Number of protein chains: 2
Amino acid sequence: MGGEGHHDCRLDHCHGGGLGEHPATPELTNRLRRKSRRVTGARQAILNLLRTQSHPISIRGIFERLPQGDCDLATVYRSMHLLEGMEMVKRYEFGDGVARFELLRDGDDGHHHHLVCTRCASVVEIEECGMGQLEERMAAAYGFAAVTHKLEFFGICPRCQGV
Amino acid sequence: MGGEGHHDCRLDHCHGGGLGEHPATPELTNRLRRKSRRVTGARQAILNLLRTQSHPISIRGIFERLPQGDCDLATVYRSMHLLEGMEMVKRYEFGDGVARFELLRDGDDGHHHHLVCTRCASVVEIEECGMGQLEERMAAAYGFAAVTHKLEFFGICPRCQGV
DNA sequence: ATTCAGATGCAAATCATTTGCAATTAGTAT
DNA sequence: ATACTAATTGCAAATGATTTGCATCTGAAT
Ligand SMILES: [Mn+2]
Ligand SMILES: [Mn+2]
Ligand SMILES: [Zn+2]
Ligand SMILES: [Zn+2]
């Protein structure tokens with residue numbers, strides 16, 4: 001084996017059909033191949049959908065927005081696990097028992113938080129985060145390693161306040 | 001009605017049997033009666049158990065520790081809802097799909113956070129929290145009201161680091 | 001075209017939590 | 001102490017999100 005590898009596919013096997021035209025990002029293609037996973041229509045479709053979202057979206061939400069139930073709900077679950085493992089999406093939980101995901105743009109670790117309305121579930125993206133020092137202090141104080149955190153804010157949005 | 005109310009129960013209807021001897025706290029008794037809810041063996045048992053815990057405990061965990069499955073799992077679920085509504089316990093979620101609860105000691109709003117080991121699930125109680133100003137800034141910036149937050153830390157505890 | 005590990009659809013299985021309902025019980029009134 | 005009624009409970013069945021077994025299908029290398 002080995003060699004110059006000119007046998008690589010020209011990255012456009014997406015010859016119509018399947019889940020519609022979802023141009024495979026070289027990004028996705030490379031990451032997947034590195035793990036010998038495949039560039040499938042479902043995965044491309046899901047990533048393309050995530051690209052259009054500006055807030056976390058649930059798996060059911062993804063499924064319903066995918067072109068005419070083209071892909072099975074179980075496949076969306078499996079795909080999100082895969083993408084999460086590849087650090088291409090990030091999982092959030094707002095406490096309602098439903099996981100939500102956001103696309104991780106290349107080079108972005110995606111660390112940020114949300115302000116969620118407890119009445120209508122509208123979301124504001126929050127970039128601020130002064131937790132770094134606290135994490136360090138914590139690691140030092142309790143001997144923990146690789147300390148991270150999950151932080152979400154809740155409240156009542158302006159629109160919902162106008163009873 | 002009204003009057004001196006000498007018809008009140010002497011708060012010790014717990015004449016043996018039932019869920020064992022679980023002295024009813026006047027605290028519990030009063031809060032419950034105020035809402036015309038009843039002082040039952042299950043509720044006393046659960047509160048007494050919670051009193052012995054120093055970290056959040058799951059509903060199944062409570063159920064299993066209760067004297068010989070004396071009380072139904074569904075009853076524990078219902079009791080925790082009640083107690084949460086009465087602000088006698090606080091709910092925490094560590095992201096594993098299981099809710100955990102802590103007793104709210106009288107006069108304490110119980111606001112604090114946790115440092116959870118992602119390998120063995122051991123927990124460190126964290127009192128520090130400098131989130132107050134952030135909440136205010138957020139309320140001001142986005143017009144949200146009653147802003148609160150959920151914050152938990154994750155990492156690898158000293159014991160689990162010693163692979 | 002051939003080949004086969006990786007993916008998918010579909011249905012059934014899990015898991016945590018909730019709910020309907022008939023039987024039981026706490027707290028009050030008699 | 002007895003009676004009465006709403007609150008509570010046990011038990012089983014229902015939910016809802018997520019996972020999984022398995023036969024079939026497909027991507028990508030040869
Ligand atoms: Mn976000
Ligand atoms: Mn705690
Ligand atoms: Zn942060
Ligand atoms: Zn805090």
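Lettering of chains follows the sequences in order, A, B, ..., and the numbering in each one begins at 1. Any value given below was found using the heavy atoms of this structure, including those in side chains, with hydrogens, waters and symmetry copies removed. None of the values given here were measured: they were computed from a predicted structure.
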Partners passing salt bridge (Lys or Arg N to Asp or Glu O under 4.0 Å) against [X] (at least two apart in sequence or in another chain):
| X | answer |
| --- | --- |
| B:R91 | B:E84 |
| B:D106 | B:R31 |
| A:D96 | A:R100 |
| B:E87 | none |

Which parts of residues 82-93 of chain A get close to DNA chain D, meaning a heavy atom less than 4.0 angstrom away?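 Of all residues in residues 82-93 of chain A, none places a heavy atom under 4.0 Å from DNA chain D.
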Quick check on the helix from C:dT18-D:dA13 to C:dT30-D:dA1: what's the angle between its two end axes, five base pairs per end, to the nearest 10°?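 Axis-to-axis angle, ends of the helix: 30°.
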Quick one: side chain to side chain donor-acceptor pair (under 3.5 Å) partners of A:R34, sequence neighbours excluded?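 By the side chain to side chain donor-acceptor pair (under 3.5 Å) rule, A:R34 matches no residue at all.
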All N/O donor-acceptor pairs, side-chain side in residues 153-163 of chain B, below 3.5 Å, sequence neighbours left out:
unit_1 : atom_1 : unit_2 : atom_2 : d
B:Q161 : NE2    : A:G143 : O      : 2.5
B:Q161 : NE2    : B:I156 : O      : 2.9

What are the atom names and distances for every N/O pair under 3.5 Å that joins the protein to nucleotides 19-25 of chain C?
unit_1 : atom_1 : unit_2 : atom_2 : d
C:dG20 : O6     : B:R78  : NH1    : 3.3

Residues which pass ring-ring contact (aromatic ring centres under 6.0 Å, His included) with B:F94, listed by chain and number, not counting sequence neighbours: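 So B:F94 forms a ring-ring contact (aromatic ring centres under 6.0 Å, His included) with B:H114.
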Identify, with sequence neighbours excluded, every residue that meets ring-ring contact (aromatic ring centres under 6.0 Å, His included) alongside B:F144.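 If we apply the ring-ring contact (aromatic ring centres under 6.0 Å, His included) test to B:F144, skipping adjacent residues, there are no hits.
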Exercise answer: donor-acceptor pairs, residues 131-141 of chain A side-chain atoms, under 3.5 Å, sequence neighbours excluded:
unit_1 : atom_1 : unit_2 : atom_2 : d
A:E135 : OE2    : A:H149 : N      : 3.4
A:E135 : OE2    : A:H149 : ND1    : 2.5
A:R137 : NH1    : B:E128 : OE1    : 2.2

